[in-house]
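Quantities reported herein were computed from a predicted structural model and do not represent experimental measurements. Each residue takes its place number in the sequence, starting with 1.
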Amino acid sequence: MAASRFAYVRNFELPDPLLPATFILLRIDGHSFHRFSDIHTFAKPNDSRALQLMDHAARSLMDEYPDIILGFGESDEYSFLLRKSTTLYNRRRSKITSMLCSLFTASYVMHWSNYFPETPLHYPPSFDARIVLYPGTREIRDYFSWRQADTHINNLYNTAFWALVQQGGQTTTEAHETLRGTVSSQKHEILFSQFGINYNALPSPFRKGSVLLLDGEPDPPVKERQGSTRITLLHCDIIGDEFWEQRPYLLDG
């Protein structure tokens with residue numbers, strides 16, 4: 001950047017390095033996606049095309065940045081775990097947040113027509129992003145457990161809600177009232193007794209979300225490795241011990 005008498009304004013830029021030796025967790029979330037999904041006529045309660053597009057955008061991010069070792073997606077959000085030792089962009093919060101969120105958004109828009117060939121984009125979608133630092137493996141496991149539990153809670157409610165509306169003939173207000181104060185077992189009972197729906201038999205991507213991870217213990221990150229990263233998509237339990245015990249490298253840092 002050329003020096004001039006105006007260069008003093010750079011002194012107002014504040015450094016924003018992230019604390020070293022901590023796990024970086026980046027969460028990307030769709031902005032006003034209730035409106036976006038309505039205008040683009042997403043299927044309710046789940047649209048496989050929309051979920052697969054989110055997976056595609058997340059995979060694009062992990063292809064470009066091999067320091068991302070784990071991703072978890074549900075609905076219109078995706079969480080990404082960066083290795084503890086990463087020095088990506090010198091661990092600058094604003095740089096990591098803006099670069100990764102912009103690439104995710106660009107990939108989502110670029111590949112939209114692959115998943116919605118009959119539905120043109122009526123306006124550009126947007127995503128926000130935030131970074132949270134976690135000190136240890138327990139907090140990381142609890143974070144991903146929280147997101148998967150949230151997936152189950154939201155999907156069970158939405159499945160029961162839309163069954164009441166689409167098959168039960170209730171208005172959205174009536175459906176909300178029917179489900180008010182109900183617990184998980186009661187929602188299961190409504191689905192099975194009234195609509196013959198066994199919730200536990202529904203596709204696992206709806207119930208468990210999407211897990212993207214490096215396939216096998218990763219090599220040290222290489223700056224130019226786009227397109228060669230081995231990434232596996234799973235729809236499995238990540239709350240229990242088995243997932244983590246089989247992949248200890250995810251939390252080695």
Residues two or more places apart in sequence or in another chain: which of them pass salt bridge (charged side-chain N to carboxylate O under 4.0 Å, His left out) with [X]?
| X | answer |
| --- | --- |
| Lys44 | Asp38 |
| Arg180 | Glu177 |
| Arg49 | Asp47 |

Under 4.5 Å side-chain linkage, directly or through intermediates, the cluster mates of Val183:
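Hydrophobic cluster check, Val183: no partners found.
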
Kindly list each side-chain donor-acceptor pair under 3.5 angstrom involving residues 123-134, sequence neighbours excluded, with atom names and distances?
unit_1	atom_1	unit_2	atom_2	d
Tyr123	OH	Arg35	NH1	3.2
Tyr123	OH	Phe36	N	3.3
Asp128	OD1	Arg130	NH2	3.3

Return all side-chain donor-acceptor pairs below 3.5 angstrom for residues 235-248, not counting sequence neighbours, or 'none' if the list is empty.
unit_1	atom_1	unit_2	atom_2	d
His235	ND1	Gly209	O	3.0
Asp237	OD1	Ile239	N	3.4
Asp237	OD2	Gly240	N	2.9
Asp241	OD1	Arg141	NH1	3.3
Asp241	OD1	Arg141	NH2	2.8
Glu242	OE2	Gln246	NE2	3.1
Trp244	NE1	Ile238	O	2.8
Arg247	NH1	Phe243	O	3.1

Could you work out, with side chain to side chain donor-acceptor pair (under 3.5 Å) as the rule, every residue matching Gln170, not counting sequence neighbours?
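Result, side chain to side chain donor-acceptor pair (under 3.5 Å) vs Gln170: Thr178.
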
With a cut-off of 3.5 Å and sequence neighbours excluded, list every side-chain donor-acceptor pair involving residues 188-200.
unit_1	atom_1	unit_2	atom_2	d
Ser193	OG	Glu189	O	2.6
Asn198	OD1	Asn200	N	3.2
Tyr199	OH	Asn155	ND2	3.0

Sequence-distant partners of Phe80, ring pair (Phe, Tyr, Trp, His ring centres under 6.0 Å), two or more places apart:
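Expected list: Tyr78.
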
Expected list for residues 105-112: side-chain donor-acceptor pairs under 3.5 angstrom, two or more places apart:
unit_1	atom_1	unit_2	atom_2	d
Thr105	OG1	Cys101	O	2.9
Ser107	OG	Ser60	OG	2.9
His111	ND1	Asn114	ND2	3.3
His111	NE2	His56	NE2	3.4
Trp112	NE1	Thr119	O	2.6

Identify, with sequence neighbours excluded, every residue that meets side chain to side chain contact (heavy atoms under 4.5 Å, CB included) alongside Pro203.
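With sequence neighbours excluded, Pro203 shows a side chain to side chain contact (heavy atoms under 4.5 Å, CB included) to Pro205, Phe206, given in chain and number order.
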
Does anything in residues 13-34 pair up under side-chain hydrogen bond (donor to acceptor under 3.5 Å, both in side chains), and if so which pairs, sequence neighbours excluded?
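Sorted result for residues 13-34: Asp16-Ser94, Thr22-Arg91, Arg27-Tyr143.
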
